[in-house]
Amino acid sequence: ERVVESWTRIVGLIFRLREHHGELANAYREKLALGRGDTVSNVVAEIAHDINNEFFTIRATAAALQARALGEAEEDLANLNAAVSEAAEIVSTLVRKARGTRDAAETHDLAAEIVEAKSRLDLIVGSATPLRLDVPSEPLPVSLSRADIRRILLNTCVNAREASPEANARVTITARRATADDLTSFSGLQADHPYALVEVRDLGAGMDAETLARATKPFFTTKEDGGSNGLGLASVASVVASAQGKLDIRSAVGAGTCVR
């Protein structure tokens, strides 16, 4: 009973933090409307958005813990700890960005990071159909921090969940070394440079041409109930651009979306 009581307090705290996040996003929208969207405000908005994704994981994990005996909660506790640690790393990274400090170059195995994140991404997607992975067994090195890899995965999976029917978010993540044919889909890439290709595909509602054209614009959202602040794909585009990569989104109404 004491465990359940403790986790109930945690869930309540997380909901209050989400309320503060919404207030921050609304304040930024007002400032943007007044032509005062300065660099500091942009950084604060990015922090608020990405921490919000981590809060979603924490909240889902806490709810799962409430429904289980403590002895069966090892994986949920691991997910909770990972989400908190990565939230702290996101804050540190974006604060360094605000100060104009360059991060030291990092290289990580994209395939291994995707596999490691799967249990958390399953919580994010929240589907009766488990997340499907198609990744190579050999290393797939990319010039991104672990925090930035997780930002890409979390944001694209949150978008897939929101675009899919309840309890039926059929999401597939594919990663591989990009081929010459793959590179023809992206303009401005070096033909002789080694690239990794990652695709997050869902079978959700899809987007029409007008929505697709605005999908990566900061604060663009089709949600009218305040359920989204429109920063997810904008955040993904920012991370990809910082690594000298390219983002390609393909979608059609009724046919789902593929973020590449």
Side-chain angles (χ1 to χ4, degrees), residues 18 21-22 25 29 45-60 83 86-87 90 110 113-114 117-135 144 147-175 197-243 245-260:
R18 277 184 63 97
H21 162 266
R29 286 193 189 93
E46 285 190 36
I47 291 173
H49 173 75
D50 287 305
I51 294 300
N52 183 55
N53 282 340
E54 300 297 342
F55 285 163
F56 184 91
T57 304
I58 294 170
R59 183 179 62 183
E86 287 171 25
I90 288 170
L110 177 61
E113 294 295 329
I114 292 172
K118 183 181 185 300
S119 61
R120 289 183 55 206
L121 296 176
D122 278 331
L123 283 172
I124 292 288
V125 172
S127 173
T129 305
L131 185 74
R132 181 176 178 271
L133 301 185
D134 183 5
V135 300
L144 285 171
D148 279 343
I149 293 172
R150 296 301 174 91
R151 285 174 72 185
I152 291 172
L153 297 174
L154 287 171
N155 280 306
T156 50
C157 284
V158 167
N159 272 27
R161 172 181 56 82
E162 292 180 345
S164 301
E166 187 174 355
N168 192 31
R170 297 171 62 186
V171 179
T172 300
I173 300 178
T174 303
L197 176 68
V198 59
E199 298 179 344
V200 180
R201 184 184 301 272
D202 69 69
L203 297 180
M207 294 179 277
D208 59 28
E210 181 180 357
T211 302
L212 182 58
R214 303 175 64 190
T216 60
K217 300 295 184 184
F219 296 105
F220 172 71
T221 178
T222 58
K223 305 292 188 301
E224 298 180 355
D225 58 358
S228 171
N229 56 32
L231 280 168
L233 289 177
S235 179
V236 172
S238 174
V239 171
V240 172
S242 72
K246 296 290 182 178
L247 181 67
D248 176 46
I249 305 175
R250 303 181 179 190
S251 187
V253 175
T257 299
C258 181
V259 180
R260 308 169 74 235

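Note that the coordinates shown come from a computational prediction; the quantities given were computed from them, not determined experimentally.
For R132, the side-chain hydrogen bond (donor to acceptor under 3.5 Å, both in side chains) criterion is met by no residue, not counting sequence neighbours. For S251, the side-chain hydrogen bond (donor to acceptor under 3.5 Å, both in side chains) criterion is met by T257, not counting sequence neighbours. Listed by chain and residue number, nothing satisfies the side-chain hydrogen bond (donor to acceptor under 3.5 Å, both in side chains) test with T172 (two or more places apart in sequence, or in another chain).
In this model, no donor atom of one side chain and acceptor atom of the other lie less than 3.5 Å apart for S119 and D122.
Using a 4.5 Å heavy-atom threshold, the side chains of R120 and L154 count as touching.
Of the charged side-chain nitrogens involved, none lies within less than 4.0 Å of a carboxylate oxygen, so that D248 and K246 do not count as a salt-bridged pair.
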> Under the side-chain contact (heavy atoms from CB on, under 4.5 Å) criterion, do E113 and L144 qualify, and how do the steps go?
Replying inline: CA-CA 11 Å; E113 294 295 329; L144 285 171; over 6 Å; no
>> Show, in sequence, the C-alpha distance, side-chain angles and deciding distance for T174 and R201, and conclude whether the side-chain contact (heavy atoms from CB on, under 4.5 Å) test is met.
In response: CA-CA 8 Å; T174 303; R201 184 184 301 272; over 6 Å; no
> Checking side-chain contact (heavy atoms from CB on, under 4.5 Å) for the pair V200/N159: CA distance, chi angles, key distance, verdict?
Replying inline: CA-CA 10 Å; V200 180; N159 272 27; over 6 Å; no
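A distance of 5.0 Å separates CE in M207 from CG in L212, rounded to the nearest 0.5 Å. Atoms CG and CG, on L197 and L110 in that order, are 9.5 Å from each other to the nearest 0.5 Å. Within the model, atoms CZ of R260 and CG of L247 stand 10.0 Å from one another, a figure rounded to the nearest 0.5 Å. In this structure, the separation between OG on S238 and CG on L233 is 12.5 Å, given to the nearest 0.5 Å. To the nearest 0.5 Å, the span separating CD1 on I249 from OG1 on T156 amounts to 10.0 Å.
A pairwise comparison of heavy atoms in A234 and K217 identifies CB-C, 4.3 Å as the closest pair. Of all heavy-atom pairs spanning L121 and C157, the tightest one is CD2-SG, 4.0 Å.
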